[in-house]
Visitor: 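This is the structure I have questions about; it appears just below.
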Amino acid sequence: MPEGHSIHRLARQFNDVFAGQVLQLSSPQGRFVDGAQLLDGHRLEEAFAHGKHLFLRFDNDLYLNVHLGIYGAWNFGGDQQFRGASSIGAPRKVGEFELTEGAEVGEYSSPPPPKPTVRVRIVSAHGWADLIGPTVCRTLTADEKEMVRAQLGADPLDGDANPHQFFSALSKTARPIGVVLMDQKIISGIGNIFRAEVLYRQQIDPFRPAKSLSVEERHAVWEDAQKLLQVGVELGRIVTTEEDYRPGIPLAEAWPEHANYVYQRQGQVCFRCGEIIRVQQVAARNLFWCPGCQN
DNA sequence: GCCCTATGTTAAA
DNA sequence: TTAACCTAGGGCT
């Protein structure tokens, strides 16, 4: 799925094109009929993200909570108000991390017939959004929403986030740092790409126990994750390389081959030390790292 | 068409 | 630790 940056972009996009408007919600697929009915005809007050969770607050104090999982995606379309809106989520190709196609923008009177897999369709006077393939799609009360958020670690994209609970959690576990960074209860928004790239950039062996990281390393991991996530929010895709590792290649063209240091680069030469990038299944996910730089 | 893959999470064993 | 969930694309036959 998209990592945390994409969900923050989704929240921004929902605020741009739907906030303040009365919306129609339906479930063409039929698996979210009751939940959609609770929100149908209500005004969207605001959208926000916590890690990889998206929340939409409606004027009856109910929330639509969506997690895209590994297959989920939102597609948008509508009139000129939807210009610039992106489809966000799967499918994706290697190196193409977020955008599939832009919103369908033009004359708008009603949305196209939905694909049979559309879990939720949201329709306003100006356009529509279709959700397919989510891991989570549910309607929550305010209390339930708080219970979900209480299970999530601090989000580096949240300006009010307090990283101290993250630092503290690292100091208390011997689990490998590469595994802990994927634990959304410890820190939320980091996925398989950011975990690999942050550890490479900080030259930290992903198999080291989290508690073995120095105070400086813990701070550096948080701050680098924050920086890379912010770049992702701005670009709409994940680019983790610094300019000196893509010499003469502008950012816009640093994609896909020069976008990452280790992710999906197994068997290739490390840009920094010349070692061969490795990959290994850890906790059912592909972990990429450079054995030369990260030890 | 068939098989594999994927930026993920949860529950069961 | 494994399976299940769930979707679409790409490469292959």
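None of the values given here were measured: they were computed from a predicted structure. Chain letters run A, B, ... following the sequence lines, proteins first and then strands; every chain starts at 1.
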Visitor: For dT5(B) and dA3(C), measure between their P atoms and round to the nearest Å.
Guide: 15 Å
Visitor: Given atom CG of Leu131(A) and atom P of dG8(B), what is their separation to the nearest angstrom?
Guide: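 It works out to 17 Å between those atoms.
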Visitor: Could you tell me which residues satisfy side chain to side chain contact (heavy atoms under 4.5 Å, CB included) with Asn295(A), sequence neighbours excluded, listed by chain and number?
Guide: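 Partners of Asn295(A) by the side chain to side chain contact (heavy atoms under 4.5 Å, CB included) criterion come out as none, since no residue qualifies.
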Visitor: When you check the phosphate oxygens OP1 and OP2 of dA6(B), does a side-chain N or O of Gln264(A) lie under 4.0 Å from one of them?
Guide: yes
Visitor: Please determine whether a side-chain nitrogen or oxygen atom of His67(A) lies at a distance below 4.0 Å from atom OP1 or OP2 of dG8(B).
Guide: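 No.
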Visitor: Please report the shortest heavy-atom distance between Glu45(A) and Phe58(A), naming the atom on each side.
Guide: CG-C, 3.8 Å
Visitor: Give a yes/no answer on whether the side chain of Asn192(A) brings an N or O atom under 4.0 Å of OP1 or OP2 in dA6(B).
Guide: no
Visitor: What is the distance, rounded to the nearest whole Å, between atom CD1 of Ile190(A) and atom C1' of dT9(B)?
Guide: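 Computing the Ile190(A):CD1 to dT9(B):C1' distance gives 17 Å.
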Visitor: Would you kindly say whether Arg12(A) and Asn15(A) are connected by a side-chain donor-acceptor distance under 3.5 Å?
Guide: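 Absent: no donor and acceptor within the cut-off.
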Visitor: So, Asp155(A) and Ser188(A): side-chain donor and acceptor under 3.5 Å apart, yes or no?
Guide: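 Their side chains do not contain a donor-acceptor pair, so the 3.5 Å distance test is not met.
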Visitor: State whether Lys52(A) places a side-chain N or O below 4.0 Å from either non-bridging phosphate oxygen (OP1 or OP2) of dT9(B).
Guide: yes
Visitor: Please give, in whole Å, the distance from dT7(B) P to Leu157(A) CG?
Guide: 19 Å
Visitor: Please state how far atom CG in Asp130(A) lies from atom P in dT7(C), giving the value in whole angstrom units.
Guide: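 One finds 13 Å between P of dT7(C) and CG of Asp130(A), rounded.
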Visitor: In this structure, how many angstroms lie between the P atom of dA3(C) and the CZ atom of Arg285(A), rounded?
Guide: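 The distance from CZ of Arg285(A) to P of dA3(C) comes to 17 Å, rounded to the nearest Å.
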Visitor: Looking at the side chain of Gln29(A), which of dG8(B), dT7(C), dA8(C) is the nearest nucleotide?
Guide: dT7(C)
Visitor: Leu68(A) CG to dC5(C) C1': how many Å, rounded?
Guide: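 Between C1' of dC5(C) and CG of Leu68(A): 14 Å.
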Visitor: Counting side-chain heavy atoms from CB outward, which of dA8(C), dT7(B), dG8(B) is closest to Tyr263(A)?
Guide: dT7(B)
Visitor: Roughly how many Å is it from CZ in Phe32(A) to C1' in dC5(C), rounded to a whole number?
Guide: 17 Å
Visitor: Mapping Gln281(A) and His53(A) to their closest nucleotides on DNA chain B, which lands nearer the 5' end?
Guide: Gln281(A)
Visitor: What is the separation between atom CD1 on Ile238(A) and atom P on dA6(B), rounded to the nearest whole Å?
Guide: 14 Å
Visitor: Would you please confirm or rule out a distance under 4.0 Å between OP1 or OP2 of dT7(B) and any side-chain N or O of Arg237(A)?
Guide: no
Visitor: Ignoring backbone atoms, establish whether Thr135(A) has a side-chain N or O less than 4.0 Å from OP1 or OP2 of dT10(B).
Guide: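 Indeed not, no polar side-chain atom of Thr135(A) lies that close.
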Visitor: Assign Arg195(A) to base, sugar-phosphate, or nothing according to its heavy-atom contacts below 4.0 angstrom with the strands shown.
Guide: nothing
Visitor: Mind telling me whether Phe55(A) and His53(A) have parallel, tilted or perpendicular rings, with 30° and 60° as the class edges?
Guide: parallel
